[in-house]
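Written below as structure tokens is the structure these notes are about.
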Amino acid sequence: MRRVEKTLRQQARDSVNGPLMLLVISLLAYGSVMVSSATAGMTGGPGLFRRHLVGIAIGLVPMVIAWAIDYKKLKHWTGPLLILFAFLLISPRIPGLGTTAKGATSWLQVFGVRLFQPSEPAKLVFIVVMAALIAEYEGRIDKPRDALRLLGYLGMAIALILLQPDLGTGLVFVAISFTMLLVGGMKGRYFAVLALVAVIGIAGILGIDATLDRAFGRDVALKDYQKNRLLVFVDPGRDPAGAGYNLAQSKIAIGSGGISGSGLGSGTQSNLHFLPERHTDFIFAVLGEELGFTGAILLLGLFLALLIASLGIAASSRDLYGALVVAGVMGMWLFQILENIGMTVGMMPITGIPLPFMSFGSSAMVTNLGGVGLLLSVWSRRYGT
Amino acid sequence: MTTFQQQLKSRFAALGLIVVLVLASLLLRLWSMQVLAGDSFAAQAESNRIREISLDAPRGRILDRNGTALVTNRATLAVSVDPADDDVRELIIKEQSLDKTDDPTRADLERVFGGLSDLLGMTPQEVFDKVSDSSVEALRPRVVAVDVPLDIVSQVLERQQEFPGADIDEIAVREYPYGDLAAHVVGYTGEISEKQMSSAPKTAGYELGDIVGKAGVEAEYENVLQGDKGARRIEVNASGKAQRILEEQAGVPGRDIKLTIDIEVQKVAEAALQDALAEAHRQNFRDAKAGAAVVIDVKTGEVLAMASAPTYDPSTFLGGISQTEWTSLTNKSSEYPLNNRVVMAAYPPASTFKAVTGLAGLETKVTYSGKTYTCTGRWTEMGAQWPKWCWDHSGHGTISFDGGVEESCDTVFYEIGYEFYKRKKEELQSVSRTFGLGSDTGIDLPGEVSGRVPDAAWKKQFNENYPEYQVWLPGDTVNMAIGQGDLLVTPLQMATTYAGIANGGVVMTPHVLKNVLGSDGKVAKSYEPEVLANTKISSKNLAIMRSALVRVTTTGTGKGAFAGLGVTVAGKTGTAQVYGKDDYAWFCAFAPAESPKYAVAVVIEQGGHGGSVAAPAARNILAKLLGKKITTVHTTDRSR
């Protein structure tokens, strides 16, 4: 009995990654405080805050399930998972199942009840599938044919997501793939080619134009309204006039926070409704305004620790597949942090991507905690069974 | 396994580097925004949420010399329309665009303003004209109607969705307890114009839409009457809705002003003008429609009454005057009721000027008391081909200088004028100017004109393009001597001239401000009388003229008007010939003749005879001031 007890305790200690758990709990607590502050002055504010807590609770379920499942078994489910992935992305388009909000058909709705955004859990499915596909090459992707095949899957995923259309999620898929291909051993030269294509294709149009505008101090080359038209074409949810206003208000909120912020619940930009979407996409602006640079450092510090802890889990994995899964989750988080915070400070275009663990929204919460579950699954099986 | 993990090590290191770089770039950006530019963003956040609204301070009141309010303030309910309302703004944008084809149609206006205009008894176009007035600060709601009855107020409030942009505001407006009494002196108020705005620094601190004085004392003492605006800082939310008041600073009311006007005398003066016009009509001068009367204190220059006909009601301007009303006050057939004829109109003074010519003659020894002249009715001294007539074509026979004044004999003054011409010293002009003629009197009212004292230099310059008319001729001086020709004076200038004769040759600057009151109602600042001009005419000559002028009202051309007054008046009739019009009736006087207090000037445009039309008005004004009986005098006096 004593032996068994000890083993169980040992097992439990092995499967729990203390730093990761602590960081996730800290982030969830931090996010809850901010959501509570952001919703305080809103009609139905307390209700929204309760829903946020419920979202966390719901998210614990996929986390525990993913944790319990041996990630290695997922490797053999690529076919069905691909079908699930495609179904998830197409489902909102199926009559009677989907609903359209803000120009994108990205919600699943049954009998008039909004359930969730299938593109959120699809990110995890994408990670698991891509990990299996990349792992086949055993850490060496040095044939153009192989690289193209893998990029073909990514292209397929992007094509599906643009059906909704949801530019932001498509970019998340790109970021996930990039991180996994890096860990999966794709040749540096292919990255260079890819980066070149991406730079010419996207940044070449938007980034260089923006840089030119800044360099000349006026709107040169591609006109802003053309740029907006282009973005609206890809993502009709954008409102060119509204986007500019939202960005300006977000920057004012964050900048006005200064070093120590205006104090929790006392942000005027937030409480007087100058900030749009303040409990969801712009939750960081509320944080920046109310807790200032100090609060921002704390959050970025937590994110840094989370990603370093994740990197540790990836390094602990006994197989490439596990490392790839962790890398995919890391890529998802890192890109969403960059995109979300970046858009609130004007570094990135405005898309509807939530800030992991912080933004209000159950679908994202389920996905991110599911991701934590995948990490724990890898961690708890690092010694092999 | 270990080799595999070593293989991955460099890739994890790269991933870790990317993580650090991404987070570091975000941190750098946040540092620059929050630490470096934090203050500027904080200021933007403040200006986002804080709106400053100026609070109008009550305008100072205008009182008469005894403290009776001529102009005060009252609160009233006004209907305003917000130009920022979507429907309204659409019409304004269409109207203001250069494309004339998209101007709002009658149907557009009917759709947006139809309900409101029906309620207010206006046309949709009238409402729109007020709303689209670009002279008002862009965002300020435009007042479209003031003094709105309560039932209309409640209808506007209850059915607000039917009236795009309409709301009810309580605003302070000017009140005129005596209606149009002294309208030309007090003037009127209105929204500041863009032109006025640009005339800084006098209007520094004003905003478009502010109410300012536009005429009369309201304009002249704008800076005294206008208070210092208060300010209210309110917090607004993103949709501009006020959340709470952060700070409020009450305005400082403008200062009350006491005028030299006596409303009782003013009433008499205005009534006397109306009576004079009626008398002119009675005498068949049907075109008599306008006139002016002014009375001043000879020792201080204080204006006790100043009347101009026709007049207007300053309350017409409350809440903005409509185009129709404005047109009716300014078109050609209106006789320009907005003009204060006492200071803004210049007329030939006719025989009233003979007092000046006489004094000039005495001073230069061109004539003397008792000097005799012969009047045959026809005067041909300048040559038989240039005959001039005395108004009395039968002639006055042998007549003295003094009799010439009394009977207003033109021949006597032709002789004097001709003598001046021959002396070639322009002495008549010099003496005229010592009385202040040809220049502004400097009265504290806007729009004063200076009249004209013609001389050789003026004539040359005036006829610049007509060389044949440039030479100063004998007839020019002769005509001027009887107050005709190119001589032009304002009624106020004639009053100050007669005041100067009465006041030992010293002309005081006329003024309407008596004092400025402090917030405690006590006098804070008084107007100190100023000398406008010293004619240095000898008291002997002034006495000669004074007795000649007394005879005018006792036995001469003005005797009918002053019969039974009970006060000795020194005055002079005048009947001015104006080309293409009926004669203008004049009377100028001062009284009591023995110890003069008041000088009065009256002119009735196209009123006919000075003695029977203008003199009775002057009589009643003086009677009021000197405590005598006011009567309607009809005389048969047809002299000049």
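A note on names: the letters A, B, ... follow the listed sequences, proteins ahead of strands, and every chain is numbered from 1.
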_Out of Leu304(A), Ile341(A), Ile254(A), return the one with the most heavy atom pairs under 4.5 angstrom to chain B._
Ile254(A)
_What's the separation between atom CZ in Phe41(B) and atom CD in Gln269(A), rounded to the nearest 0.5 Å?_
10.5 Å
_Using side-chain heavy atoms (C-beta onward) and a distance below 4.5 Å, is Leu26(B) in contact with Phe303(A)?_
no
*Heavy-atom proximity to chain B below 4.5 Å, by part of Ile297(A)*: both
*How long is the span from the CG atom in Leu27(B) to the CZ atom in Phe293(A), to the nearest 0.5 Å?*
4.5 Å
*Could you walk me through whether Phe178(A) and Ile18(B) pass the side chain to side chain contact (heavy atoms under 4.5 Å, CB included) test, one step at a time?*
CA-CA 12 Å; Phe178(A) 175 85; Ile18(B) 291 171; 4.1 Å; yes
*Which one, Glu46(B), Gln44(B), Arg49(B), leads in non-hydrogen pairs under 4.5 Å with chain A?*
Arg49(B)
*Give the minimum heavy-atom separation between Ala42(B) and Ser256(A), together with the two atoms involved.*
CA-CB, 3.5 Å
*So, do Leu307(A) and Leu15(B) sit near enough that their side-chain heavy atoms are less than 4.5 Å apart?*
no
*Looking only at heavy atoms, what is the nearest atom pair of Leu311(A) and Gly16(B), with distance?*
CD2-CA, 3.7 Å
*State, to 0.1 Å, how close Phe12(B) and Ala323(A) come at their nearest heavy-atom pair, and which atoms those are.*
CZ-CB, 3.8 Å
*Counting N and O atoms only, with roles assigned by atom type, does the side chain of Arg29(B) sit under 3.5 Å from a partner on the main chain of Val345(A), one being a donor and the other an acceptor?*
yes
*Any chance you could lay out the side chain to side chain contact (heavy atoms under 4.5 Å, CB included) test for Ile252(A) and Asn48(B), step after step, and finish with the verdict?*
CA-CA 9 Å; Ile252(A) 290 171; Asn48(B) 251 349; 3.8 Å; yes
_side-chain contact (heavy atoms from CB on, under 4.5 Å), paired with Ile337(A), selected from Val19(B), Leu23(B), Val22(B)_ = Leu23(B)
_With a sphere of 6.0 Å drawn around CZ of Arg159(B), does it hold more than 12 non-hydrogen atoms of other residues, nucleotides or ligands?_
yes
*Is there a donor-acceptor pair under 3.5 Å between the side chain of Gln34(B) and the backbone N or O of Gly288(A)?*
yes
_Determine whether a donor-acceptor pair (N or O, by modelled atom type, separation under 3.5 Å) exists between the side chain of Arg11(B) and the backbone of Gly139(A)._
yes
*Given that the side chain runs from C-beta out, which part of Ser25(B) has a heavy atom under 4.5 Å from chain A: side chain, backbone, both or neither?*
both
*asked:* I need the residue from Thr268(A), Thr344(A), Ile259(A) with the largest number of non-hydrogen atom pairs under 4.5 Å to chain B.
replied: Thr268(A)
